[in-house]
Amino acid sequence: MDPGKVETDLLILFSYEGESIPTFSQIQMNNLLKEMSQKEDYTGKTAQVLSITTKGLIASYKLIVVGLGKKEEIDLYNYQKEVAHAVTLAQSIKAVKIAFLLDDEISKKFKISESIETTVEAVILSSYRFMKYKGDEEKKQIRTLEEVFICLSAGKIGNFEEAVKYGQLKAQATCYARDLVNEPAAVTTPAFLAERALAISKESEGSVKVKVIEEKEIRKLGMNAYLGVAQGSEEPPKFIVLSYKPKNAGKKVVIVGKGITFDTGGLSLKPSEAMETMKSDMAGAAVVLSVFKYLPELKIKYEVVGIIPACENMPSGRALHPGDVIKALNGKTIEVLNTDAEGRLTLADAFSYSISFEKPDFIIDVATLTGACMVALGQDVAGVWGNNQDFIEKIQKSAELSGEKIWLMPLEKEYKELIKSHIADLKNISGGRYGGAITAALFLSEFVGTTPWVHLDIAGPAYQENKTELVPKGGSGFGVRMLLEFLQ
Ligand code: BES
Ligand code: ZN
Ligand code: ZN
């Protein structure tokens with residue numbers, strides 16, 4: 001379709017720095033664009049915007065050109081950010097019908113299916129708001145987009161419908177995780193997560209099966225590290241196992257999500273400010289649930305098992321004492337010196353359970369595991385560790401395609417000394433001030449044996465302290481798209 005003929009409130013074009021702006025069959029429009037870009041010094045630098053009221057020269061009421069910066073430097077993440085930027089501008093002029101022109105220059109840089117999929121994702125992700133607890137007044141003020149067009153050159157359409165569908169599904173899955181993280185901890189209890197898992201199974205009409213292992217059974221199995229964390233809370237723990245097995249399934253992947261529905265730190269109590277966002281300590285679990293909610297529609301060919309050791313970390317007369325020794329499912333003993341390093345205890349047993357009862361080819365865990373990872377990598381980048389180079393590279397490639405930022409960290413063997421206990425096999429903190437994200441990963445590695453394993457510490461990106469183009473303040477759904485991409 002001729003982009004000049006699309007009737008919308010806003011037509012969005014992109015251009016690279018120092019390169020020409022896409023042209024129209026309406027010559028006058030081209031002239032106007034040229035004139036204005038010279039006058040306003042528009043060169044296509046990142047986030048630069050040229051804005052025009054079209055006055056009938058083309059069918060759209062308004063047009064903006066958004067700069068993508070240098071063509072060599074653009075990646076899918078930065079492209080998504082500029083799509084989100086355009087959506088924000090559209091919302092500020094109350095546009096409900098918008099169109100994107102993805103001209104040949106864009107598709108020279110990315111595969112056409114990638115640019116369609118990622119555009120759709122960015123539109124949905126940047127329009128997300130968590131409004132459940134807001135009053136009607138504020139809800140009414142939000143003008144939602146009604147129609148979004150994507151214009152492509154003739155013959156360059158590729159598998160348009162499939163790309164749109166994948167983009168929609170992955171963004172919706174991400175928003176599902178955001179909702180779960182944004183809900184207060186009084187709502188998202190372990191029992192609530194278990195109910196959600198059962199609802200996902202029901203919706204899937206048999207393709208996702210769910211088993212919830214209750215406290216008594218957890219004790220019988222011997223998952224005492226996990227139970228130790230749960231024992232201070234009034235909320236009973238729920239060990240949630242989701243399974244998806246397509247016909248002629250390929251390899252078997254277990255995805256473990258940290259599911260601490262609230263992390264007070266336990267008796268090693270957190271200061272109040274550090275506790276403010278700790279409803280987000282189940283962000284890994286939210287990723288697992290979201291992946292399972294959308295797996296069947298994405299027709300994933302692997303056998304996938306999701307494991308969520310859900311519980312709450314509370315101080316009480318029954319809570320673990322610092323110094324207590326617990327015996328994990330695989331027989332290793334752990335001296336718990338700090339009850340705030342609880343995630344690794346729950347994951348340890350989830351790994352042993354996976355290996356004994358699921359026999360996976362791969363294990364991935366997603367966890368808001370350490371503040372130290374945020375110190376190392378900041379709020380936008382997740383740390384990745386692993387014991388298998390090939391597997392790590394596949395995850396890195398998936399993150400590149402999903403536009404999520406991860407950085408490879410070392411499983412530094414020499415630091416293993418730091419988590420040896422003088423009275424038990426392991427202790428749950430290193431005691432020193434440095435390398436806390438690495439010692440946490442090393443602790444986990446004690447429970448995966450030789451199974452190829454990747455650990456994602458999402459403490460930073462799981463929860464946005466300040467709004468960005470793609471994520472409002474709150475849960476980000478980080479990891480969902482990466483894992484769906486990986487499984488695809
Ligand atoms: N859930 C926290 C990690 C965290 C911190 C996530 C900030 C998101 C934002 C984890 O259970 C924790 O408390 N870790 C401790 C470990 C320490 C006691 C060794 C930490 O990072 O301070
Ligand atoms: Zn903690
Ligand atoms: Zn925690």
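Excluded from the calculations below are hydrogen atoms, water molecules and symmetry mates; all remaining heavy atoms, backbone and side chain alike, are included. In each ligand, atom 1 is the first atom listed, and ligand 1 is the first ligand listed. Owing to the predicted nature of the structure, the values given are computational and were not obtained by experimental measurement.
Atoms of ligand 1 lying under 4.0 Å from any heavy atom of Ile429, numbered from 1 in the order shown and given with element: 19 (C). Ligand 1 places these atoms under 4.0 Å from at least one heavy atom of Lys258: 1 (N), 10 (C), 11 (O). Annotation for ligand 1: atoms under 4.0 Å from non-hydrogen atoms of Glu342 are 11 (O). Short contacts between ligand 1 and Met374, defined as distances under 4.0 Å to a heavy atom of the residue, involve ligand atoms 7 (C), 9 (C). With ligand atoms numbered from 1 in the order given, ligand 1 contributes 1 (N), 2 (C), 3 (C), 6 (C) to contacts under 4.0 Å with heavy atoms of Thr368. Each of the atoms 18 (C) of ligand 1 lies under 4.0 Å from some heavy atom of Asn338.
Look at Asp390 and Lys394 and you find a salt bridge, because one of the NZ, NE, NH1 or NH2 atoms lies within 4.0 Å of a carboxylate O, short of that distance. With respect to the salt-bridge test (charged N to carboxylate O, under 4.0 angstrom), the residues Lys397 and Glu485 do not qualify. A salt bridge links Glu183 and Lys132; the closest N-O separation between the charged side-chain nitrogens and carboxylate oxygens is under 4.0 Å. Residues Glu303 and Lys252 are paired through a salt bridge, judged by an N-O separation under 4.0 Å between the basic side chain and the carboxylate. Salt bridge Glu234/Arg318: present, at least one basic N to carboxylate O contact under 4.0 Å. The existence of a salt bridge linking Lys473 and Glu465 is excluded, since no basic side-chain nitrogen approaches an acidic carboxylate oxygen closer than 4.0 Å. Here Lys258 pairs with Asp281 in a salt bridge; the nearest charged N to carboxylate O distance falls below 4.0 Å. Note on Lys170 versus Glu117: salt bridge recorded, some NZ/NE/NH1/NH2 to OD/OE distance being below 4.0 Å.
In terms of protein heavy atoms, atom 15 (C) of ligand 1 is closest to Asp340 O, 4.0 Å. Ranking the protein heavy atoms by distance from atom 10 (C) of ligand 1 puts Leu369 O, 3.2 Å first. The protein heavy-atom contact nearest to atom 16 (C) of ligand 1 is Arg344 NH2, 3.9 Å. Atom 2 (C) of ligand 1 has its closest protein heavy atom at Asp263 OD2, 3.5 Å. Taking atom 7 (C) of ligand 1 as the reference point, the nearest protein heavy-atom neighbour is Met278 CE, 3.6 Å. The nearest heavy-atom contact from the protein to atom 20 (C) of ligand 1 is Gly371 N, 3.8 Å.
Note that Arg178 lies outside the cation-pi zone of Phe130, set by a 6.0 Å cut-off to the ring centre and a 45° limit from the axis. A cation-pi arrangement is present between Lys293 and Tyr176 under the rule of less than 6.0 angstrom and at most 45 degrees off the ring axis.
Residue-to-ligand polar distances keep Thr370 apart from ligand 1: every N/O pair is separated by 3.5 Å or more.
Contacts between Ile260 and ligand 1 below 4.0 angstrom, taking non-hydrogen atoms only, are absent altogether. Only the side chain of Asp281 comes within 4.0 Å of ligand 1, judged by heavy-atom distances.
Across Gly386 and Leu411, no two heavy atoms sit closer than the pair O-CD1, 3.5 Å.
Taking the N/O/S atoms of Glu342 in turn, the shortest distance to the Zn ion (ligand 2) belongs to OE1. When the N, O or S atoms of Asp263 are ranked by distance to the Zn ion (ligand 2), OD2 comes first. The atom of Asp281 that is an N, O or S and sits closest to the Zn ion (ligand 3) is OD2.
For Tyr353 and Tyr226, the ring centers sit 6.0 Å or farther from each other.
Not a single N, O or S atom of Gly343, from either the backbone or the side chain, sits less than 2.8 Å from the Zn ion (ligand 3). At a cut-off of 2.8 Å, Asp340 does not coordinate the Zn ion (ligand 3) through any N, O or S atom.
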